[in-house]
Number of protein chains: 2
Amino acid sequence: MLSKKTKYALHALTYLGKHQEQGTVLIHDIAEEYGISHKFLENILLELRKAGYLGSKKGKGGGYYLIKDPKDIPLSRVIRLLDGPIAMLPCVSLNYYEPCAECKDESKCGINKVMIQVRDETLKILENKTLEDILKGE
Amino acid sequence: MLSKKTKYALHALTYLGKHQEQGTVLIHDIAEEYGISHKFLENILLELRKAGYLGSKKGKGGGYYLIKDPKDIPLSRVIRLLDGPIAMLPCVSLNYYEPCAECKDESKCGINKVMIQVRDETLKILENKTLEDILKGE
DNA sequence: ATAAAACCTATAAAAATTATAGGGTTTATA
DNA sequence: TATAAACCCTATAATTTTTATAGGTTTTAT
């Protein structure tokens with residue numbers, strides 16, 4: 001399951017995607033729309049900005065806005081940013097690899113082998129679905 | 001990421017699959033093989049038995065053994081049993097459905113729509129990979 | 001009888017997630 | 001240029017989930 005953080009991030013991105021023409025959007029408005037804590041959402045938007053998905057404008061009249069084309073924001077990226085690894089085990093993670101304590105030899109581990117396949121197939125899905133797909137469904 | 005519980009369950013099932021001929025296997029032996037806490041593993045094996053994957057024999061000379069054919073133990077089942085939902089959001093879970101608090105109308109939620117697709121494609125993968133596939137890789 | 005081994009339930013410890021708090025900085029505008 | 005609006009940043013608190021332990025119960029081979 002996705003964390004609330006990631007779920008809220010997706011909601012926020014969706015909202016921003018739907019309001020691209022209006023220039024900037026207030027954290028407040030997004031928080032209100034979905035009933036999310038303002039402060040919690042603030043942290044999430046901050047992360048999304050630092051990761052290069054959003055731009056922001058400070059001060060009166062400021063707010064957030066999308067700076068990437070929705071079709072260039074795959075689910076995989078959003079999930080990795082906020083939830084961490086997509087792989088099911090540390091020992092098959094591309095971005096957050098760690099050896100498993102239980103295995104003496106990874107190359108002889110059947111779980112490892114299967115999980116690499118699962119990871120690759122899962123990635124294919126999550127890299128292909130983008131914010132654009134979400135927006136099309138709204 | 002899978003919980004340790006699920007990871008340990010997969011190790012245990014793999015071990016039991018590899019030692020099917022020996023009749024019963026001690027919790028102790030599995031725990032030792034992978035460096036897992038005996039007591040923690042005990043709870044996991046208990047769940048696997050209750051779910052119909054394992055049989056057990058009490059008393060001296062007892063232990064656990066597989067009662068399902070490895071090809072009839074898909075990853076999806078093991079994960080659901082120990083980790084819960086496979087879906088990324090409660091609102092698209094087949095087995096653990098709950099509405100999302102943020103959505104007024106699920107049928108108009110683009111996230112919901114996309115996540116249903118992700119769920120279906122993910123399930124296809126996890127239902128097709130079984131303990132047999134793991135055992136083949138050992 | 002004894003010892004081995006699974007069974008069962010409760011609880012404790014640790015880690016991760018979720019949420020809040022509070023001041024700092026920037027900026028439009030009156 | 002004072003003010004208020006709004007994002008920025010970091011720390012910490014609260015909650016929930018996960019992980020682990022504990023301790024006795026029951027069954028069974030010998």
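The sequence lines fix the lettering, A, B, ..., with proteins before strands; numbering per chain opens at 1.
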Would you list the protein and nucleotides 22-24 of chain D atom pairs, both N or O, that sit under 3.5 Å from each other?
| residue | atom | partner | partner atom | Å |
| --- | --- | --- | --- | --- |
| D:dG23 | O6 | B:Lys39 | NZ | 2.2 |

Is there a donor-acceptor pair closer than 3.5 Å between any side-chain N or O of A:Asp133 and the backbone N or O of A:Thr130?
yes

Main chain of A:Ile73, side chain of A:Lys68: is a donor-acceptor contact present, judged purely on distance under 3.5 Å?
no

Test salt bridge (Lys or Arg N to Asp or Glu O under 4.0 Å) on A:Lys18 and A:Glu33; report intermediate values, then the result.
CA-CA 13 Å; A:Lys18 287 169 77 174; A:Glu33 170 75 13; 6.0 Å; no

Write down the distance between OH (A:Tyr64) and P (D:dA5), rounded to a whole number of angstrom.
18 Å

For A:Gly59 and for B:Lys60, locate the closest nucleotide of DNA chain C by heavy-atom distance; then report the residue assigned to the nucleotide nearer the 5' terminus.
B:Lys60

Let me spell it out: for each of A:Ile36 and A:Gly61, pick the nucleotide of DNA chain C with the closest heavy atom. Which residue's pick is nearer the 5' end?
A:Ile36

Pick base, sugar-phosphate or nothing for B:Leu26, based on heavy-atom distances below 4.0 Å to the nucleic acid.
sugar-phosphate

B:Asn95-B:Ser93 side chain donor-acceptor pair, cut-off 3.5 Å:
no

Contact class for B:Leu45 (heavy atom, under 4.0 Å): base, sugar-phosphate, or nothing?
nothing

For B:Lys7, which contact category applies under a 4.0 Å heavy-atom criterion: base, sugar-phosphate, or nothing?
nothing

Specify the separation, in whole Å, of atom CD1 of A:Ile44 and atom C1' of D:dC9.
16 Å

Donor-acceptor under 3.5 Å (B:Asp83 side chain, B:Leu2 main chain):
no

Could you list all N or O pairs between the protein and nucleotides 14-18 of chain D that sit under 3.5 Å apart?
none

Whether A:Ser56 contacts D:dC8 is assessed here as follows: a side-chain N or O lying under 4.0 Å from the phosphate OP1 or OP2. Is that the case?
yes

Does A:Tyr96 use its side chain to pair, donor to acceptor, with the backbone of A:Arg80 at less than 3.5 Å?
yes

Whole angstrom value for the distance that separates P of D:dC9 from CG of A:Leu46:
6 Å

Salt bridge flag under 4.0 Å for residues B:Lys5 and B:Glu47
yes

Outermost contacting nts on DNA chain C, any atom under 4.0 Å from chain B heavy atoms, listed 5' then 3', are C:dA4 to C:dT9

Between A:Glu42 and A:Lys39, does the salt bridge (Lys or Arg N to Asp or Glu O under 4.0 Å) criterion hold? Intermediate values first, please.
CA-CA 5 Å; A:Glu42 190 174 5; A:Lys39 279 297 200 176; 3.3 Å; yes

With heavy-atom distances below 4.5 Å as the criterion, would you say the side chains of A:Arg119 and A:Leu94 are in contact?
yes

Separation of D:dT27 atom C1' from B:Lys57 atom NZ, nearest Å, is 10 Å

Determine the sole option in A:Thr24, A:Ile27, A:Leu26 for which the side chain to side chain contact (heavy atoms under 4.5 Å, CB included) test with A:Tyr64 is passed.
A:Ile27

Taking B:Gly110's backbone N and O only, do any of them form a donor-acceptor pair with A:Glu138's side chain (distance below 3.5 Å, no angle check)?
yes

